[in-house]
Amino acid sequence: MTSPQRAPGGFPVVGIIGGGQLARMCAGPAAEMSVTLSVLAEATDAAAAQVIPSAPVGDHTDVEAVLAFAQECDVVTFDHEHVPPDVLAALVDKGVPLHPSPEALHFAQDKLAMRERLTEIGVACPSWARARSAEDVTAFGDANGWPVVAKTPRGGYDGKGVRVISSADDVGDWLEQAGRPGALADGILLEEKVDFVRELAVLIARSPSNQAAAWPVVETVQVDGICTEVLAPAPGLDPDLAAVATEAGLRIAEELGVTGVFAVEMFEVRHPRTGSAAYVVNELAMRPHNSGHWSMDGAVTGQFEQHLRAVLDLPLGAPTPREPHTVMANVLGGEYPELYPAYRHIMARDPGLKVHLYGKAVRPGRKIGHVTVSGSDLADLRERAGHAADYLAGVITE
């Protein structure tokens, strides 16, 4: 494994385990800061490996490969949350600075542990329980109402590992695995099916020196379990709810010891007694997040620059929006594998549009990029971002 090229002047090397689009989008801010990135990539053509010169190939589950990679870095962070506990422990034993720490990552890797800890610190969550048997499932459903949301505590994302169930029979295969080594070793997570108004996200950055910064609360629009659009700030959000949700995000960062950028995905709900706006936490993501992509163009400090600042324990930048609104639309793969020819149309139609593609092969439904537009007319911004995303995907051709 060759050593990454350091910039003269005492600048550090930041290692990122995983070569996906989140690592890729750190490349621009790192270059501007003269920080060298090194990425442990899944393949030579991984998204980040296409733009980051130091991108050795290795598996995030391979202890020796990860240790060899980390010894060339001043600090190590993550493109995803799937590095196994034994690999994380080996890095800690070697004294490698990790952000976030294994202790914090645990709460993103294990949804049961996350629910337990959030409940302990007084953060609002849906009603939930651990189930190891059909009787547990039935009792929870009868008490909280059917249908019920069932989740595998480990390994799920973007709707994977999640089922909406009407009886214990709907998770019979999962219950057979409960207690065995693997994603269901500790049972199944059951949650009430929340009757929510919309989905929100709070993006927080925290440094090892305990400085924290929060971007405005955003609205995320989901289709079939995949985020298709982010509206920043969340339009029409009750100011009291915005303050309470942001405080919850900051409290989670402090109590769980999170360092770097992370997202708290929430549901906006109505308080059962007063009818006022309230929240419950859905998921945690211990890394830069899709809900924060708007900040790359729409905030004074984007999430990827902020993540580098945080993991290096540099002073954090201002998360202030540049315009009244920014809309981010995800580009999902369609039937057209050639994306570059679409540039001429969308750039000519909308010179204010910003396009970010991830260097990924097109597959139907796969996130292959995103677009952003900023301004004061939210309806116009949504139309512009949606048109560009649909044109790139081949949904529309004019």
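All residue numbers refer to positions in the sequence shown, counting from 1.
Applying the salt bridge (Lys or Arg N to Asp or Glu O under 4.0 Å) test to every pair with at least one member in residues 314-328, sequence neighbours left out, gives no pairs at all. Within the structure, salt bridge (Lys or Arg N to Asp or Glu O under 4.0 Å) contacts touching residues 292-305 (residues at least two apart or in different chains) are Glu305-Arg309. Judged as a salt bridge (Lys or Arg N to Asp or Glu O under 4.0 Å), not a single pair has a partner in residues 19-29 (not counting sequence neighbours). Sorted by first then second residue, the salt bridge (Lys or Arg N to Asp or Glu O under 4.0 Å) pairs that include residues 4-15, not counting sequence neighbours, are Arg6-Asp74.
Residues that satisfy the side chain to side chain contact (heavy atoms under 4.5 Å, CB included) test with Ala329, not counting sequence neighbours, are Val371, Ala385, Ala389. For Phe196, the ring pair (Phe, Tyr, Trp, His ring centres under 6.0 Å) partners at least two apart in sequence or on another chain are Phe267. Residues satisfying the ring pair (Phe, Tyr, Trp, His ring centres under 6.0 Å) test with His80, not counting sequence neighbours, are His60, His82. With sequence neighbours excluded, no residue forms a side chain to side chain contact (heavy atoms under 4.5 Å, CB included) with Pro85. Contacts of His387 classified as ring pair (Phe, Tyr, Trp, His ring centres under 6.0 Å), with partners at least two apart in sequence or in another chain: His345. Residues satisfying the side chain to side chain contact (heavy atoms under 4.5 Å, CB included) criterion with Gln211, sequence neighbours excluded, are Ser207, Pro315, Leu316. Residues meeting the side chain to side chain contact (heavy atoms under 4.5 Å, CB included) test with Ala185, sequence neighbours left out: none. Partners of Tyr336 by ring pair (Phe, Tyr, Trp, His ring centres under 6.0 Å), not counting sequence neighbours: none found.
Using a cutoff of 4.0 Å between basic side-chain nitrogens and carboxylate oxygens, Asp110 and Arg117 are not scored as salt-bridged. Between Lys111 and Glu265, none of the side-chain N atoms (NZ, or NE/NH1/NH2) sits under 4.0 Å from a carboxylate O, so this pair counts as no salt bridge. Under 4.0 Å is where a charged nitrogen must lie from a carboxylate oxygen, and between Lys151 and Glu283 at least one such pair does.
Here the side chain of Gln222 pairs a donor or acceptor atom with the backbone of Cys227 at under 3.5 angstrom.
Phe262 has its ring centre no less than 6.0 Å from the ring centre of His307.
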